[in-house]
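Positions are given from 1, in the same order as the sequence printed here. Computation of the quantities below employed the complete heavy-atom set of this structure, encompassing side-chain atoms and omitting hydrogens, waters and symmetry-equivalent molecules.
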Amino acid sequence: MSASPGPRRPAAAALAALGLDAPAEHPDDASPHAFPDGGTWRTEIPSCEGPEALATVLKEAGTLDVPIHRISQGSGVWMLTDAEIAEMVDACAQHDIELCLFTGPRGTWDIGAATRSDSGGAGLRARGHDAVAACVEDALRAASLGVKCLLVADEGVLWLLHRLRASGELPAEITFKVSALIGPVNPVTYRLHERLGADSLNIPSDLTFQHLTEIRRVSRAPMDFYLEAPDDLGGYVRMYDAAELIRRGAPIYLKFGLSKAPGIYPYGAQLRDVALDSARERVRRGRLALDLLARLGADGGMSPLGSRLPGELTRFPLPERS
């Protein structure tokens with residue numbers, strides 16, 4: 001994909017001719033940060049729930065020429081066999097793509113009644129010691145099978161996994177990604193997650209451009225952002241915002257989600273057709289977003305394929321073991 005001469009706003013010349021110029025961009029709004037490879041954005045295909053869905057994504061990405069940096073799964077490590085995980089690890093390695101699997105059972109699936117209430121209770125967070133232990137067990141198992149990125153939906157679990165990484169019980173190169181369902185919505189909480197060990201953070205797709213700028217004033221940890229959010233995350237479609245999201249939020253992963261699609265977590269064979277059809281359409285949505293960026297001349301700055309590390313981030317001091 002070749003970069004166009006320079007970025008422009010949608011219909012800028014046509015509107016300016018009618019006296020409807022957009023307000024000038026303020027340089028202070030732009031993020032000063034980038035990935036360590038110099039890129040400002042990467043791509044992610046979410047909700048890839050097993051080897052068959054992964055193969056579908058890879059085939060469609062080849063057909064539509066969609067570059068992919070990361071593929072993520074939402075049902076959890078515990079919903080995959082060792083053989084399935086190994087197959088996904090090998091397939092992603094062959095294409096130089098990072099594979100990210102979700103850790104552990106979560107509060108929305110256990111017996112806690114509050115998660116079914118109007119308030120949602122504690123949501124995805126791990127309820128009790130046993131749920132925390134299950135998340136850690138998932139992380140250890142996935143890492144032993146070669147997985148290098150883990151999704152986390154609990155701040156305590158994040159801190160524990162970071163400590164295990166620091167102690168060498170998890171590989172030093174493993175990265176942790178904060179789930180969209182506990183994604184921070186203000187700069188203070190965003191920075192808190194970074195210091196707890198997060199290497200990239202999903203933020204809700206209803207945050208404004210100004211919110212992104214506020215976050216970038218206190219943290220350079222990569223953002224994960226659904227250009228099109230699943231319905232249970234609001235169903236927002238923000239493709240025309242992609243260029244400004246990059247300008248304000250870099251370094252950022254552009255996630256090609258899908259609205260108006262049935263939920264598939266936890267995934268099983270009963271949902272096969274939906275999962276495969278959705279996988280193909282997520283890749284197509286990615287092609288639409290990339291084409292839009294190219295038409296606006298805003299497609300420059302993508303990280304080289306194969307890039308995965310976030311760069312140096314700020315962490316809380318680790319406690320000494322007793």
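Judged as a side chain to side chain donor-acceptor pair (under 3.5 Å), and not counting sequence neighbours, Arg195 has no contacts.
By the 4.5 Å heavy-atom criterion applied to side chains, Val178 and Leu196 are not counted as neighbours. A heavy-atom distance below 4.5 Å is found between the side chains of Leu245 and Leu227. Residues Leu201 and Met223 have side chains not in contact (no heavy-atom distance under 4.5 Å, counting atoms from C-beta outward). No side-chain heavy atom of Thr175 sits under 4.5 Å from any side-chain heavy atom of Cys100. Within the 4.5 Å cutoff, no side-chain heavy atoms of His69 are placed close to those of Ile97. With a 4.5 Å cut-off on side-chain heavy atoms, Ile71 and His95 do not count as touching. Proximity of Leu296 to Pro10: side-chain heavy atoms (C-beta onward) are separated by under 4.5 Å at one or more points.
Salt-bridge formation is not detected for the pair Glu173/Lys148: no Lys NZ or Arg NE/NH1/NH2 atom is positioned less than 4.0 Å from an Asp or Glu carboxylate oxygen. At a threshold of 4.0 Å, the pair Arg287-Asp291 counts as salt-bridged, since one of the basic side-chain nitrogens sits closer than that to a carboxylate oxygen. A salt bridge between Asp37 and Arg42 is present, with a side-chain N of the basic residue lying under 4.0 Å from a carboxylate O of the acidic one. Between Arg9 and Glu244 there is no salt bridge, since none of the side-chain N atoms of the basic residue sits less than 4.0 Å from a carboxylate O of the acidic one. A salt bridge links Glu44 with Lys177: the distance from a Lys NZ or Arg NE/NH1/NH2 to an Asp or Glu carboxylate oxygen falls below 4.0 Å. Using a cutoff of 4.0 Å between basic side-chain nitrogens and carboxylate oxygens, Glu137 and Arg141 are not scored as salt-bridged. Residues Arg248 and Asp29 are paired through a salt bridge, judged by an N-O separation under 4.0 Å between the basic side chain and the carboxylate. Using a cutoff of 4.0 Å between basic side-chain nitrogens and carboxylate oxygens, Glu155 and Arg125 are scored as salt-bridged.
For the atom pair CD1 (Ile246) and OG (Ser31), the distance works out to 11.5 Å, reported to the nearest 0.5 Å. Here the straight-line distance linking atom OG of Ser259 with atom OH of Tyr226 works out to 12.0 Å at 0.5 Å rounding. Taking OG1 of Thr56 as the start and CD1 of Ile45 as the end, the distance is 12.0 Å to the nearest 0.5 Å.
Arg70 forms a cation-pi arrangement with Tyr253, by the criterion of a distance under 6.0 Å to the ring centre and an angle within 45° of the ring axis. For the pair Arg238 and Phe256, the NZ or CZ position fails the cation-pi test of under 6.0 Å to the six-membered ring centre and within 45 degrees of the ring normal.
When the side chains of ILVMFWY residues are joined at heavy-atom separations under 4.5 Å, either directly or via intervening members, Tyr236 and Leu292 end up in two distinct hydrophobic clusters. Leu276 and Tyr265 are members of different hydrophobic clusters when ILVMFWY side chains are connected at heavy-atom separations under 4.5 Å.
Between the side chain of Gln210 and the backbone N or O of Thr213 there is no donor-acceptor pair closer than 3.5 Å. Using a distance-only test at 3.5 Å, with no hydrogens or angles considered, no donor-acceptor pair links the side chain of Trp78 to the main chain of Thr103.
Listed here is the closest heavy atom pair of Phe176 and Val152: CB-CG2, 4.4 Å. Of all heavy-atom pairs between Ala34 and Gly38, the closest is CB-O, 4.0 Å.
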Less than 3.5 Å apart, which donor and acceptor atoms pair up between the side chains of residues 309-316 and the rest of the protein, not counting sequence neighbours?
unit_1	atom_1	unit_2	atom_2	d
Arg315	NH1	Glu194	O	2.6
Arg315	NH1	Ala198	O	2.7
Arg315	NH2	Asp199	OD1	2.6

